[in-house]
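Shown next, in structure tokens, is the structure this report addresses.
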Amino acid sequence: MHNLKEIRKNFDLFKSLIQKRNINLDVEKIKKLDDLNRQLIQKKEGLEKEKKDISKSKNKELFEKSKDISDQLEKVIIEQKKNKKQLDEIIFNIPNIPHTDVPEGNDENDNKEIIRVGDIKKFDFTPKTHFELGEKLKMLDFDLATKTTGSRFVFIKDKLALLERALSNFMLDKHITHNGYQEISPPLIASENTMFGTGQLPKFEDDQFEIITEEGSERKFLIPTAEVILTNVVKNTIVDVKNLPLRFVASTPCFRKEAGSYGKDTKGMIRQHQFYKVEMVSIVENDKCLSELERMTDCATQILDELDLPYRKMLLCSGDMGFSAEKTYDIEVWIPSENKYREISSCSSCSTFQAVRMKTRYKNHNNETTFVGTLNGSGLAIGRTLIAVMENYQNKDGSIVIPEKLRPYMNNLEIISAN
RNA sequence: GGAGAGAUGGCUGAGCGGUUGAAAGCACCGGUCUUGAAAACCGGCAAAGGGGCAACUCUUUCCUGGGUUCGAAUCCCAGUCUCUCCGCCA
């Protein structure tokens, strides 16, 4: 979220910065609402002062007048609230401003490749898709999921389930013991305000699974990513600068409606309503965002290095970035059956955008209260890593070699083949 | 599910109708002292929003939302959360 005080300094500049996102902001409307809002605040405060003075004077003759002021005040407050609500509705839905490092562009075609790592394996047979492999092994069952639940879910069984668990543990161990992240096992349900804090609400409500709760109680949602719950650990607090940076990691299921992606990746488990993801979150002093982003991205690619999976690192263009991000790297892993790279991690700096929404601050070295910087990144998406391992490590007979680093997590199993 | 207790500043914790934005302590910052540090002593220290070039000033905020009152942290109502006891349970 943007600080109105900053926007107010130069509406046109703000408009042009947001334009990088291909959004044409009606700044005139914002200005009008803001001006009116401030007028109403002044009116309100004037009346409040009058009332306060009368009550302080303890002059009984003025008490009646105070009642009249209360009536006026009530009307002004209602008007001010209504006006502020209109203003908020606009402000809440404006995305973060792209950092100057970010290339301008419309969609993924304008993303900039930073580096390619790893050799793409040449198969002397046509590599199968992960779902062909999984179904042949009888370890991925999409039909069963359709029967019990619905589309875009999967049953993972047997050795593949073990592989999934191994991936999760392997990644967690790396981030905890080598990369300085604190392990967290968080709630998988978040309150409405928590979802607002990281930017999922109000704009992306359609993508969220909402839990039915009792009438009158706060709305609750299944987390679409652990970012939501891990970042909001510091919601509404003034963090002691001595404790920064805070680095959290969690392996959790993520739930997404995937509204608007009908027909996309319908086969296999690339795009599911539920998937595991290891998520990293950093809370930092706001001038350290970019260096932390590099560090975090390295933590993610390190996993792929160790699993010996080929990947490339992309710098997202302004049009392809998420709502809260100022700068994002996507890590894309090689998927042999598709003969292309697919996103397996996304690491973003959100500058102070989420902190403003969450009201998370710290005292900087000048003892000024200022907003923290927040970052989040997948390290990595488990479901997609499972796909990448299956496809890149497949043999002609449909068996799958287990990457060496994972074997200690799988009772030293070396290969997965049909039972 | 039943019965109680509570929610106050970065933290602990007083206040229970009128200079209370809020005692005290801790933490933090500045100073004196010291070769340096510690201790001791002195001083400072909430946030959000509005006005002003600025010095500064005004408003709001003691869980949230209503109400009573000229005036509410303090009284009333509703809700949320936390704790204790009983029951149930992975």
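Residue numbers start from 1 in every chain, and the chains themselves are labelled A, B, ... in the order their sequence lines are given, proteins ahead of strands. Hydrogens, waters and symmetry mates play no part in the numbers below; they use all other heavy atoms, side chains included. No experiment lies behind these values; they were computed from the predicted model shown.
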Which nucleotide, in any strand shown, forms a Watson-Crick or G-U wobble pair with [N], with both distances under 3.5 Å?
N	value
B:A23	none
B:A37	none
B:G17	none
B:A7	B:U80
B:C53	none
B:A73	none
B:A48	B:U59
B:G87	none

Whether [Y] and [X] form a salt bridge (side-chain N of Lys/Arg under 4.0 Å from carboxylate O of Asp/Glu) is what I want to check.
X	Y	value
A:D34	A:R38	yes
A:K277	A:E343	no
A:D35	A:K31	yes
A:E48	A:K51	no
A:E306	A:K174	yes

Give, for atom [atom1] of [X] and atom [atom2] of [Y], the distance between the pair rounded to the nearest 0.5 Å.
X	Y	atom1	atom2	result
A:M1	A:N3	CE	CG	8.0 Å
A:N179	A:D298	CG	CG	9.0 Å
A:K85	A:D88	NZ	CG	10.0 Å

Between [options], spot the one nearest the side chain of [X], thanks.
X	options	result
A:R8	B:A46, B:G71, B:G50	B:G50
A:K5	B:G18, B:G50, B:G71	B:G50
A:Q42	B:G51, B:A47, B:C70	B:G51
A:F63	B:C70, B:U59, B:A47	B:C70
A:E48	B:C28, B:U59, B:G71	B:U59
A:K58	B:G18, B:A46, B:C70	B:G18

Just N and O in the side chain of [X]: are any of them under 4.0 Å from OP1 or OP2 of [N]?
X	N	result
A:K81	B:U60	no
A:K359	B:A47	no
A:K51	B:G71	yes
A:K49	B:C58	no
A:R38	B:G51	yes

For nucleotides [N] and [M], find the distance between their [atom1] atoms and express it as a whole number of Å.
N	M	atom1	answer
B:G52	B:A78	P	45 Å
B:U20	B:G15	C1'	8 Å
B:G18	B:A3	C1'	38 Å
B:C62	B:A46	C1'	12 Å
B:G17	B:U69	C1'	9 Å
B:U84	B:G66	P	32 Å
B:G9	B:G4	P	27 Å
B:G67	B:C88	C1'	38 Å

Applying a 4.0 Å non-hydrogen cut-off, can you work out what [X] is touching in the nucleic acid: base, sugar-phosphate, or nothing?
X	value
A:K52	sugar-phosphate
A:S55	base
A:K67	sugar-phosphate
A:T237	nothing

Grab the [atom1]-[atom2] distance between [X] and [N] for me, whole Å please.
X	N	atom1	atom2	result
A:K235	B:C81	NZ	P	13 Å
A:E50	B:C58	CD	P	16 Å
A:R357	B:A48	CZ	P	18 Å
A:K242	B:C29	NZ	P	7 Å
A:K363	B:C29	NZ	P	12 Å
A:R361	B:A48	CZ	C1'	8 Å
A:D34	B:G50	CG	C1'	11 Å
A:I77	B:U60	CD1	C1'	10 Å

Need to verify one output field. Residue with the more 5' nearest nucleotide on RNA chain B, A:G46 or A:D240?
A:D240

Would you kindly compare A:D53 and A:T369 by the position of their nearest RNA chain B nucleotide and give the one closer to the 5′ end?
A:T369

The residue among A:T352, A:T374, A:T370 that forms side-chain hydrogen bond (donor to acceptor under 3.5 Å, both in side chains) with A:N286 is A:T370

Classify the side chain of A:E45 versus the base of B:G49 as yes if they form a donor-acceptor pair under 3.5 Å and no if they do not.
yes

